[in-house]
2 protein chains.
Amino acid sequence: MTTTTNRSPGRRAVTDHGSIERAAFRLFEEQGFDDTTMEQIAESLGVGRRTLFRYFPSKNDIPWGQFDQSLRDFAAQLASVPLEVPVSEAVHQCVVAFNDFDEQSLPQHRIRMRLILDTPTLQAHSALRYAAWRTVIEDYVAARLNMRPDGLVPRLAGHVSLALAVSSYEQWLSEPDSDLTSILRLAMGELRSYLD
Amino acid sequence: MTTTTNRSPGRRAVTDHGSIERAAFRLFEEQGFDDTTMEQIAESLGVGRRTLFRYFPSKNDIPWGQFDQSLRDFAAQLASVPLEVPVSEAVHQCVVAFNDFDEQSLPQHRIRMRLILDTPTLQAHSALRYAAWRTVIEDYVAARLNMRPDGLVPRLAGHVSLALAVSSYEQWLSEPDSDLTSILRLAMGELRSYLD
DNA sequence: AGAATAATGGCACTCAGCGCCAAAAAGATA
DNA sequence: TATCTTTTTGGCGCTGAGTGCCATTATTCT
């Protein structure tokens, strides 16, 4: 009865990304990110420190959860926009969609983003995640405009979209009851009028 | 004759920021940033490792040299723009001026920026320096528009100016004989037309 | 029962960074 | 010249992230 053969051989994993993330977030909120050690996270899970590094390449990566996964969805979303829609409009729509979370997961998302944007160590590390996000936009814009992804315009599109998103997140986090989607749309309007 | 009394008392400094920077850059180019240890830099200067940390708070700060200094000039430059000039125009002009290096210091600047933009460790750390740079813009825009520095528009201005600058740097580094000033101006035009 | 497979986690190591503090090197004073 | 004061140096020892190595453990397969 203990063996119902429907798995691959080998020892069972003793934890998973989700559990680690939850345990870590609890400690981060209690003690702050910098004052929480991998040792403590491991201990609170009853797991070896070495094991944590098999699930997350670094402590800095824990708050980002399954970001790589989302990037694939982001790229797919972009690819599905009709070619009639102007490039910058397509990108903007997808950026808005990418950051549209259902009400259920919103509180957790807020906590996650506050941690990332308020912790200098994580602000720094974010640059690497942001780069991957920008690449998705650069590739799309380059394809749409028939340019190389490392050209000026695709890169501008990536960087500026990120600028818009991060500005909006900062605003969102500073207003308890605000709506991220609205702020993202508002930001695009403000950007256009700022540039005259 | 050995004592011409015109200094403050105490032991003389055995090195300075410039020397450390030069020694470090030599090693960074020979071995790469990540494979160069503070120990090696110290050794190549005939100085204690501990001493390096009194001149630079971290290894990541070495490539940035005297950036804080430049920020003060940047702020002063902004403050000196006549109020007749529209805000976004004022910011853009100062961003261009901030990145206008004389031909003599240009090769070194190129090496510095290539190192920073091509090394993931440094890309990450840059976020913290960029934040300080953005703050200068945020404060200026907020003052000009009579808003709080943490409002949406000032922050957008900071983030978007950075986006423009970094995009331009990436383009500049990818073209051996290009002119940074021209690219910055070009980028502003491309941004406006990208946004329609 | 034993072979094959896969995850675990301990061990030992490197390196950044920091607090502490004694020693070195300079000027100032008498 | 000797001593006092000031300032920088740099050694020591520690913490904590991250890594390579590998024996151990848990599971399925034959």
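Per chain, numbering begins at 1; letters A, B, ... match sequence-line order. This structure is a prediction, so every number in the text was calculated from the model and none was measured.
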inquiry  = If the condition is ring pair (Phe, Tyr, Trp, His ring centres under 6.0 Å), which residues does B:F101 pass it with, not counting sequence neighbours?
reply    = B:H109
ask   = Quick one: on DNA chain C, does B:P9 or B:R54 contact a more 5' nucleotide (nearest heavy atom)?
value = B:R54
query = Rounded to the Å, how far apart are A:Q31 CD and D:dG16 C1'?
reply = 14 Å
ask   = A:R7 CZ to C:dA4 C1': how many Å, rounded?
value = 15 Å
ask   = Within this structure, what is the CG-to-C1' distance between B:L45 and D:dG10, rounded to whole angstrom?
value = 14 Å
request  = Using atom CD1 of A:I41 as one end and atom C1' of D:dG18 as the other, report the distance to the nearest whole Å.
outcome  = 14 Å
ask   = Residues two or more places apart in sequence or in another chain: which of them pass ring pair (Phe, Tyr, Trp, His ring centres under 6.0 Å) with A:F74?
value = A:F98, A:W133
inquiry  = Quick check against the 3.5 Å criterion: does A:T119 have a side-chain atom that pairs as donor or acceptor with the backbone of A:I116?
reply    = no
ask   = What is the nucleic acid contact for B:G10, judged by heavy atoms within less than 4.0 Å: base, sugar-phosphate only, or nothing?
value = base
query = Reckon A:T51 has a side-chain N or O less than 4.0 Å from the OP1 or OP2 of C:dT8?
reply = no
request  = Using whole Å, report how far CZ of B:R12 lies from P of D:dT5.
outcome  = 21 Å
query = Is a donor-acceptor pair below 3.5 Å formed from side chain A:R11 to base C:dG9, judging by atom type as modelled?
reply = no
message = Taking any heavy-atom pair under 4.0 Å as a contact, classify A:F56: base, sugar-phosphate, or nothing.
response = nothing
ask   = Can you find a heavy atom in the side chain of B:L195 that is under 4.5 Å from one in the side chain of A:M188?
value = yes
task = Starting at atom CZ of A:R50, determine the distance to atom P of D:dT25, rounded to an integer number of angstrom.
result = 18 Å
Length of the line joining B:Y55:OH and C:dC18:C1', which is rounded to integer Å = 18 Å
Protein-nucleotides 13-17 of chain C N/O pairs under 3.5 Å:
| from | atom 1 | to | atom 2 | distance (Å) |
| --- | --- | --- | --- | --- |
| C:dA16 | OP1 | B:M38 | N | 3.4 |
| C:dA16 | OP1 | B:K59 | NZ | 3.4 |
| C:dA16 | OP2 | B:M38 | N | 3.3 |
| C:dG17 | OP2 | B:K59 | N | 2.7 |
| C:dG17 | N7 | B:R49 | NH1 | 3.2 |
| C:dG17 | N7 | B:R49 | NH2 | 3.3 |
| C:dG17 | O6 | B:R49 | NH2 | 3.1 |

ask   = Quick one: do the A:D150 and B:S174 side chains pair a donor with an acceptor below 3.5 Å?
value = no
ask   = Is the side chain of A:R110 donor-acceptor paired with the backbone N or O of A:P176 at a distance under 3.5 Å, no angle test?
value = yes
Shortest non-hydrogen contact from A:Y169 toward A:M113 = CE2-CG, 3.7 Å
